[in-house]
Amino acid sequence: MKQYYILIVLYMHNRILEADTVNSNEAVYGNYGLLYTNEGYIYSIPKECSKLLDEFAESASNFTMCSIKHARPISFCEKCVDYYKDFSIKYKNLTTKDINGTSCKAVFISNDRLEVVLEYYNGIMSLWNKGNCNACFDWTKEPTELSNNVKHFNQMYNSTMQCIDHWKPSTNSSEVCEQCMQNYLELNNFYNNMSTDSVGLEGVCVDVVDSMNASRYIWSKTLNCCKLRQSPETVFLVCTGIIASLPLIFYLTVRFCGPIRDLPKVLKQSRFKQTILRSVNARIN
């Protein structure tokens with residue numbers, strides 16, 4: 001019976017120790033947020049820094065949602081520029097604000113290997129830069145506007161698509177190509193002039209690139225309008241063949257229409273006889 005009493009006493013003692021430990025932890029950690037330092041979680045995080053972090057998180061969420069919603073067709077540069085600007089401002093506020101000598105940047109950035117805040121910032125900036133979205137806008141104006149080139153491209157693109165929509169129901173499949181050829185060529189030439197490289201990507205924001213790719217696909221694949229441009233290629237190939245055959249024509253002309261055919265008949269016969277005599281003498285010798 002004594003053994004049972006001892007076990008009960010030991011069990012109660014352990015429960016008391018656990019309760020003391022929980023109460024002690026609540027007394028130390030329960031009443032305020034903690035800041036991680038090299039020495040441990042010691043100081044409370046300033047409420048202003050927490051508020052800035054919340055604002056940054058909300059701005060990142062807004063931009064992410066906007067970019068996903070406008071992923072296809074690609075238009076997130078134009079549609080999400082306000083969210084991008086807000087995101088940049090919130091990150092700047094978070095990384096430059098000091099509260100009573102405490103830097104909010106030091107609280108949330110460069111304190112661990114995961115770097116959640118910095119990773120999200122770099123990810124969004126990488127997406128924006130990968131799309132070359134800055135090239136879409138005139139940043140000297142407030143509020144930010146599309147650049148003149150992008151505005152003009154959009155107008156030409158809309159005109160081309162409206163022309164295609166208008167003539168596409170026609171029973172003659174080539175009619176839409178003939179009617180909209182000028183619009184499409186002007187759009188394509190203007191796009192090529194916007195780019196600083198031969199591929200057509202450098203210096204152009206992804207919204208414009210995607211619109212041009214879509215119009216080219218419709219023009220060449222859906223409407224098959226590129227076949228109308230084969231006649232100039234045929235003419236080029238024929239001209240190339242004629243030029244390549246000129247040396248042969250010149251040789252045949254010289255061979256059969258040269259000065260020897262204009263010689264008197266007697267002279268030609270004497271030359272023929274001389275040739276035969278020389279052959280006979282060569283065999284005798």
Side-chain angles (χ1 to χ4, degrees), residues 63 66-85 87-88 124-240:
F63 177 85
C66 179
S67 60
I68 293 174
K69 288 174 63 177
H70 296 92
R72 204 69 194 163
I74 300 176
S75 57
F76 84 92
C77 291
E78 179 180 354
K79 300 297 184 181
C80 305
V81 62
D82 291 333
Y83 292 119
Y84 168 77
K85 292 170 63 178
F87 168 79
S88 300
I124 290 177
M125 293 302 298
S126 176
L127 180 65
W128 184 262
N129 293 329
K130 187 177 182 180
N132 199 21
C133 290
N134 286 335
C136 271
F137 304 99
D138 182 355
W139 294 97
T140 62
K141 296 182 179 180
E142 188 61 38
T144 304
E145 296 181 1
L146 292 173
S147 66
N148 291 332
N149 280 343
V150 174
K151 290 180 180 178
H152 188 51
F153 173 86
N154 288 342
Q155 292 173 356
M156 298 177 70
Y157 173 80
N158 292 333
S159 298
T160 303
M161 292 299 104
Q162 289 170 3
C163 179
I164 292 174
D165 289 338
H166 177 74
W167 291 101
K168 190 176 180 181
S170 175
T171 55
N172 186 356
S173 59
S174 63
E175 188 171 5
V176 62
C177 302
E178 295 172 356
Q179 295 294 334
C180 303
M181 175 72 75
Q182 188 63 30
N183 287 16
Y184 174 78
L185 292 179
E186 290 178 356
L187 174 69
N188 190 65
N189 291 335
F190 184 79
Y191 174 82
N192 290 334
N193 291 331
M194 288 178 66
S195 176
T196 58
D197 68 338
S198 58
V199 181
L201 297 177
E202 191 68 27
V204 183
C205 71
V206 70
D207 291 10
V208 174
V209 174
D210 187 69
S211 297
M212 192 66 230
N213 288 341
S215 64
R216 285 173 174 172
Y217 183 87
I218 294 171
W219 187 258
S220 61
K221 299 296 183 181
T222 305
L223 302 176
N224 198 23
C225 290
C226 288
K227 65 180 181 180
L228 297 179
R229 305 181 66 181
Q230 292 177 356
S231 55
E233 295 178 0
T234 303
V235 174
F236 171 77
L237 293 176
V238 171
C239 294
T240 303

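- Counting all heavy atoms, side chain and backbone alike, C163 lies closest to Q179 at SG-O, 3.9 Å.
- Not a single salt bridge (Lys or Arg N to Asp or Glu O under 4.0 Å) links D82 to another residue, sequence neighbours left out.
- Annotation: side chain of N188 is in contact with side chain of R216 (closest heavy-atom distance under 4.5 Å).
- Applying the ring pair (Phe, Tyr, Trp, His ring centres under 6.0 Å) criterion to Y84, with sequence neighbours excluded, gives W128.
- Partners of T140 by side chain to side chain donor-acceptor pair (under 3.5 Å), not counting sequence neighbours, listed by chain and number: D138.
- Proximity of W219 to T160: side-chain heavy atoms (C-beta onward) are nowhere separated by under 4.5 Å.
- Side-chain contact check for I218 versus K168: every heavy-atom pair is 4.5 Å or farther apart.
- By the side chain to side chain donor-acceptor pair (under 3.5 Å) test, N158 is found to be paired with no residue, residues two or more places apart in sequence or in another chain being considered.
- Annotation: disulfide bond (SG atoms under 2.5 Å apart) contacts involving residues 125-160, sequence neighbours excluded, comprise C77-C133, C136-C205.
- By the salt bridge (Lys or Arg N to Asp or Glu O under 4.0 Å) test, K69 pairs with no residue at all, sequence neighbours left out.
- No side-chain heavy atom of V150 sits under 4.5 Å from any side-chain heavy atom of V204.
- The side-chain contact (heavy atoms from CB on, under 4.5 Å) test applied to H70 returns C66, S75, F76, K79, C80, not counting sequence neighbours.
- Judged by distance alone, with hydrogens and angles left aside, the side-chain atoms of D207 form a donor-acceptor pair with the main-chain N or O of E78 at under 3.5 Å.
- Between K85 and T144, the shortest heavy-atom distance links the atoms NZ-OG1, 3.0 Å.
- Summarising the geometry, atom OG belonging to S159 is positioned 12.5 Å from atom CD belonging to Q182; distances are rounded to the nearest 0.5 Å.
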Problem set entry | side chain to side chain contact (heavy atoms under 4.5 Å, CB included) between L146 and N154, intermediate numbers included | CA-CA 10 Å; L146 292 173; N154 288 342; 3.9 Å; yes

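- Of all heavy-atom pairs between D210 and I74, the closest is OD2-N, 3.2 Å.
- Residues C180 and W167 form a side-chain contact, since some pair of their non-hydrogen atoms from C-beta on lies under 4.5 Å apart.
- The distance from atom OG of S88 to atom CZ of F63, rounded to the nearest 0.5 Å, is 8.5 Å.
- Residues forming a ring pair (Phe, Tyr, Trp, His ring centres under 6.0 Å) with F137 (at least two apart in sequence, or on another chain): W139.
- Qualifying ring pair (Phe, Tyr, Trp, His ring centres under 6.0 Å) partners for F190, counting only residues two or more places apart in sequence or in other chains: H152.
- Applying the salt bridge (Lys or Arg N to Asp or Glu O under 4.0 Å) test to residues at least two apart or on different chains, the pairs with a partner in residues 148-159 are E145-K151.
- For E186, there are no salt bridge (Lys or Arg N to Asp or Glu O under 4.0 Å) partners, not counting sequence neighbours.
- Looking at N132 and V206, their side chains never come closer than 4.5 Å, going by heavy atoms from C-beta outward.
- Qualifying side-chain contact (heavy atoms from CB on, under 4.5 Å) partners for S211, counting only residues two or more places apart in sequence or in other chains: F153, Y157.
- Residue M212 holds its CE atom at 15.0 Å from OH of Y217, rounded to the nearest 0.5 Å.
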